[in-house]
Amino acid sequence: MTDRLESLGSVPPDARASTGDGGSAAKPVTVPDLRAARANGRKIVALTAYDHPTARLLDDAGIDVLLVGDSVGNNVLGYDSTLPVTMEEMLHHTRAVSRGARRALVVADMPYLSYQTGRRDAIRNAGRFLKEGGAAAVKLEGGRKRAGLIRSLLDAEIPVMAHIGLTPQSVHMMGGYRVQGKRVDEARSLVEDARALEEAGAFAIVLEGMPEAVGRMVTEAVGIPTIGIGAGRFCDGQVLVFHDLVALGPGPLPKFARAYAQVGAAIASAARRFIEDVRGGAFPLDAEVYGHPVGLPTPARSGGR
Ligand code: KIV
């Protein structure tokens with residue numbers, strides 16, 4: 001825990017004690033803390049989270065940023081892309097995560113068509129994540145074409161994390177989920193995007209799905225933190241999708257992800273054992289039933305029925 005808390009600069013030594021109730025007494029991570037982390041060369045560690053118990057566990061483990069990604073669509077809601085995800089769905093999940101986060105910075109992903117339709121929509125929707133969702137910042141996809149929008153959100157006091165490279169909301173424009181920046185002109189374009197986003201006031205940029213060399217070029221070209229997912233080792237931090245981290249999804253992991261636990265397999269095994277025990281009469285046992293009422297005659301045993 002202490003190692004993680006030390007990953008960002010703002011945690012005073014006397015704020016490291018656990019509260020003893022599963023939460024952390026540490027000072028909450030702020031947007032300026034993330035900027036300071038880059039300046040001080042400390043890696044930022046982020047994970048997606050979509051629900052309260054997961055947010056609690058990840059927060060207690062010392063994660064810096066909980067991203068309520070619109071990947072909730074693929075990972076939790078059963079959609080085959082992020083495009084169908086709605087504002088109401090995102091708010092519902094953001095509220096659950098915010099209630100579980102005591103230290104981590106909660107960033108809410110703006111779903112498709114919640115910001116592409118104009119600045120008024122974008123401010124109203126982004127503001128809802130802070131006002132109703134308990135988030136501290138929002139994330140939106142796109143490069144230099146989002147610069148004006150980001151300025152408008154900052155005018156409304158809404159911190160913005162940008163996201164370039166493989167941007168899943170552009171799946172149809174990209175012709176699939178493809179690594180971006182593989183040609184030199186594309187790589188330079190990503191650098192220009194990142195510079196424009198920094199200039200507009202984004203406090204960090206997610207770099208997704210690009211060659212390591214491009215992740216490095218972008219990181220070296222800007223002064224704000226880059227947080228990579230499939231963008232190599234030279235970013236200022238790393239983010240993974242929670243369901244990849246614990247192998248909870250159905251399919252094979254993407255090349256850049258690492259499973260630190262096999263939770264999907266553990267759940268399936270628990271369910272199989274439960275089915276077997278119930279059908280075989282091994283669940284529940286005596287210790288798992290409430291005591292017999294006083295004065296009621298004990299019936300002869302008949303297989304639990
Ligand atoms: O929605 C999401 O999970 C994301 C991450 C891939 C950064 O945007």
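Values below: every heavy atom of this structure, side chains too, minus hydrogens, waters and symmetry copies. Read the numbers this way: they start at 1 and go in the same order the structure lists the ligands and their atoms.
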Worksheet entry | Residue, atom name and distance, where the atom is the protein heavy atom closest to atom 3 (O) of ligand 1 | S71 OG, 2.5 Å
Worksheet item: In terms of residue, atom name and distance, what is the protein heavy atom nearest to atom 7 (C) of ligand 1?
Response: L67 CD2, 3.6 Å
Fill in: Nearest-0.5 Å distance that lies between atom CD1 in I205 and atom CE in M161
10.0 Å
Worksheet item: Could you state the interatomic distance from CZ (R103) to CG (L105), rounded to the nearest 0.5 Å?
Response: 10.0 Å
Under a 4.0 angstrom heavy-atom cut-off, which atoms of ligand 1 come close to [X]?
X	answer
H163	8 (O)
D109	1 (O), 2 (C), 8 (O)
I229	6 (C)

Could you see which bit of [X] sits under 4.0 Å from ligand 1, with heavy atoms only: side chain, backbone, both or neither?
X	value
T82	neither
D70	both
V72	neither

Item to complete: May I ask you to decide whether R144 forms a salt bridge with D193, counting only side-chain N to carboxylate O separations under 4.0 Å?
Response: yes
Worksheet entry | D236/R38 salt bridge by N-O under 4.0 Å criterion | yes
Worksheet entry | Any K139 heavy atom less than 4.0 Å to ligand 1 | yes
Worksheet item: Does the separation of the ring centres of F283 and F274 fall below 6.0 angstrom?
Response: yes
Discussion item. If we ignore hydrogens and angles and just use 3.5 Å, is the side chain of S152 paired with the main-chain N or O of G148 as donor and acceptor?
Written reply: yes
Worksheet item: Is the closest N or O pair between T48 and ligand 1 shorter than 3.5 Å?
Response: no
Worksheet item: Is the shortest N/O to N/O distance between E208 and ligand 1 below 3.5 Å?
Response: no
Discussion item. Same cluster or not: V239 versus L57, using hydrophobic residues (I, L, V, M, F, W, Y) connected whenever any side-chain heavy atoms lie under 4.5 Å apart?
Written reply: no
Worksheet item: Given side chains that start at C-beta, do those of M210 and L190 come closer than 4.5 Å, heavy atoms only?
Response: yes
